[in-house]
Each structure stands twice: as structure tokens, then as C-alpha cells.
Amino acid sequence: MAEAYALHEGTFGTAVVLELRADLVPHAHSDLQLAFWLGGARATARVGTEHVEYGENTALGVNAFESHDLVLHEQGEAALFLAFMVRDDWLQGRAAATSHGFRFNAPRLHIDGELRRACWQVLDLILSPHSSQTDIDDQVEGLLLAATGVAGGHARRPRTGVGASLDARLRTAIAHMRQHVSTKATVDEIAGMVGLSRAHFFALFRDQLNTTPQVFWSAVRVEEAMRRVALGAPMTDVALDLGFSAPSNFSRFFKEHTGVPPSTFRRATRAPMPATVTGIPLQPAA
């Protein structure tokens with residue numbers, strides 16, 4: 001059966017309906033992520049030292065650049081997820097308007113009645129051909145308010161995100177990664193370039209971004225790969241430009257970090273959302 005994968009791009013960021021049939025390696029995103037398990041195989045995510053088992057009453061909240069993975073309990077069986085990747089500039093605008101901090105204190109989110117309704121209402125709007133972007137953005141904001149309220153996200157000073165508050169050496173290293181995304185330099189070489197030992201370099205990434213240099217750099221490469229694939233660049237060119245020795249190695253890397261091959265991602269960026277997802281009916285708004 002073909003993998004279910006659908007994207008909705010909005011001013012808030014991206015909503016993804018994803019059917020996973022294999023584990024995801026430790027990875028990170030530049031956006032805040034909120035993920036709901038819709039059904040199928042059970043799965044567990046690890047964020048730092050904490051393990052979160054997805055379920056009917058448990059969702060996952062991950063702040064920008066926090067390293068996390070996913071392990072399916074039944075290998076070969078599929079699990080279906082609805083995930084929201086929410087851009088930092090949109091979050092900052094909503095935070096200023098609502099005086100509510102959109103950050104997660106903890107990755108495990110209890111799905112109460114309000115959060116469950118908000119999730120299905122957003123999915124209904126995304127799948128409807130008659131929904132306006134304003135309607136969807138408003139519902140996503142309500143979903144995030146409910147989710148970060150459940151997590152107590154407003155109580156913690158934001159620790160993630162690439163901003164002026166980061167150590168200057170860390171900002172320099174990140175800029176180098178982004179400007180030399182195809183370079184095969186080692187983490188030790190980048191640490192030395194900014195005058196840090198390996199241990200201090202790793203400590204800065206851990207303390208200020210909740211991730212590791214390797215996971216961060218992989219996130220930069222994945223984002224650049226997604227951009228080029230969505231623009232229609234030939235897969236071989238993307239693979240070689242990003243430093244992979246063969247397209248097959250690039251395809252494996254892409255799938256291990258996103259859950260789908262680059263060819264599936266490209267089709268989704270060019271296709272409208274389906275009326276239903278793998279036969280699962282839309283839930284009526286409560």
C-alpha cells in the first residue's frame with residue numbers, strides 16, 4: 001500500500017498527515033512541533049531523556065531544535081500521525097497578541113476534551129476545500145493555546161530558537177553550517193573554527209538548543225533538501241550538491257529524518273489535500 005502523506009502549507013507553518021512504517025532516527029526541526037497519533041501501530045518518542053508513548057490521550061510537544069526520535073512498537077505495521085510544524089515568527093506574533101508563551105515545559109501532553117476537539121476541528125478545516133486560510137490559522141492558534149496550556153508552556157523561559165541570546169560562538173558555528181551545507185567538515189573542525197573544545201561545543205548545543213551538533217547539522221541538511229526537492233530539482237543533483245555519494249544514500253537519509261522518501265515528499269508538495277486520509281473518516285466537531 002502506498003504511504004499516506006499530505007501537506008498543508010499555511011501562514012502558521014505546515015500541517016502534515018504522515019503514515020510511518022519505520023522508525024525515525026534522532027532529528028530536530030527549526031520549528032515547534034505538535035504531533036498527534038491518529039491510529040495504527042503504537043509508537044514511542046524520546047525527547048532528551050524522556051520517553052513519550054503516543055496514545056489516544058497523549059500527544060507530543062517538541063520545541064524548536066530539540067532532538068527527538070520515534071520507535072514503532074510493531075515493526076512493519078503503520079502508524080498514522082497529524083503533526084503541526086509551527087514557524088517561530090508566527091508564534092512570536094501570536095505571543096505578542098495574546099501574552100501567551102508558546103513553549104512546551106515537557107514533551108508529554110495530556111489530550112483532554114478541549115485539545116481533542118481542537119485537533120479534529122483543525123484537521124476538518126485543512127481537509128475541506130472551502131476553508132479560508134484565516135479560519136485555519138485561527139483554529140491552529142486555538143489548538144496551540146490548548147496544547148501549551150496543558151503543558152504549562154507559558155511558565156518556562158524559552159530556551160530554544162536561534163536568536164541573539166545565543167552564545168556568539170554558537171551563532172557563528174550555526175551560520176557556518178547553513179552556509180556550507182554541502183561541506184564534509186567534522187564537528188571537531190567546526191568547534192575548533194570557533195575556538196571551542198569538542199566538550200564545550202557539545203555543552204553549548206545541549207544547554208542552549210537542547211540538541212547535539214550532529215542532530216542540528218542534519219536538520220539543516222534536511223531542510224535544505226526539502227526546499228530543493230519541493231522546487232523540483234533533480235534528485236541526483238540534490239544528493240550530490242548536499243554531499244551524498246549516491247542518490248540512494250540521500251533517499252535513505254531523507255526518509256530516516258522525515259518518514260517518507262523524497263519522491264513522496266515531492267508529490268505531496270504538488271498535490272491538494274485528499275478528502276480523507278487512508279480511509280479514516282473525518283471526525284465531527286464536538
Donor-acceptor pair, side chain of [X] and main chain of [Y], under 3.5 angstrom:
| X | Y | value |
| --- | --- | --- |
| His257 | Lys255 | no |
| Glu50 | Pro107 | no |
| Glu77 | Gly40 | no |
| Asn63 | Glu66 | no |
| Arg221 | Gly243 | no |
| His176 | Thr172 | no |

Shared ILVMFWY cluster between [X] and [Y], side chains joined below 4.5 angstrom?
| X | Y | answer |
| --- | --- | --- |
| Leu20 | Val71 | no |
| Met85 | Val220 | no |
| Leu240 | Phe244 | no |
| Leu143 | Leu125 | yes |

Flag for [Y]-[X]: side-chain donor and acceptor within less than 3.5 Å:
| X | Y | answer |
| --- | --- | --- |
| Ser67 | His27 | no |
| Ser131 | Asp135 | no |
| Asp124 | Gln139 | no |
| Thr14 | Glu9 | yes |
| Thr264 | Arg267 | yes |

Q: Could you walk me through whether Leu204 and Leu166 pass side chain to side chain contact (heavy atoms under 4.5 Å, CB included), step by step?
A: CA-CA 9 Å; Leu204 279 178; Leu166 288 183; over 6 Å; no

Q.
Using a strict threshold of under 4.0 Å (side-chain N to carboxylate O), is an ion pair present between Asp88 and Arg103?
A. yes

Q: Answer yes or no: is there an ion pair linking Glu224 with Arg228, defined by an N-O contact shorter than 4.0 Å?
A: yes

Q.
Tell me which pairs pass side-chain hydrogen bond (donor to acceptor under 3.5 Å, both in side chains) where either residue lies in residues 192-205, with sequence neighbours left out.
A.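 Those involving residues 192-205 are Asp188-Arg198.
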
Q. Taking side chain as C-beta onward, heavy atoms only, is Thr258 less than 4.5 Å from Phe265?
A. no

Q: Please confirm whether Arg42 makes a cation-pi placement over Trp37, using NZ or CZ under 6.0 Å from the six-membered ring centre and within 45° of the ring normal.
A: yes

(Q) Taking side-chain contact (heavy atoms from CB on, under 4.5 Å) as the criterion, tell me which of Leu80, Leu109, Ile111, Leu123 meets it with Phe36. (A) Ile111

Q: Run through Thr58, Val62, Leu70 and flag the one making a side-chain contact (heavy atoms from CB on, under 4.5 Å) with Val52.
A: Thr58

Q. Which heavy-atom pair separates Phe253 from Ser218 by the least distance, and what is that distance?
A.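 The answer is CZ-O, 3.9 Å.
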
Q: Begin from the C-alpha positions of Arg94 and Phe12 and carry the test side chain to side chain contact (heavy atoms under 4.5 Å, CB included) through to its verdict.
A: CA-CA 10 Å; Arg94 290 305 189 270; Phe12 65 87; over 6 Å; no

Q | Stepwise side chain to side chain contact (heavy atoms under 4.5 Å, CB included) test for Leu32 and Trp90 | A | CA-CA 11 Å; Leu32 175 145; Trp90 189 86; over 6 Å; no

Q: Would you please classify the geometry between the Phe81 ring and the Tyr54 ring as parallel, tilted or perpendicular, with 30° and 60° separating the classes?
A: perpendicular

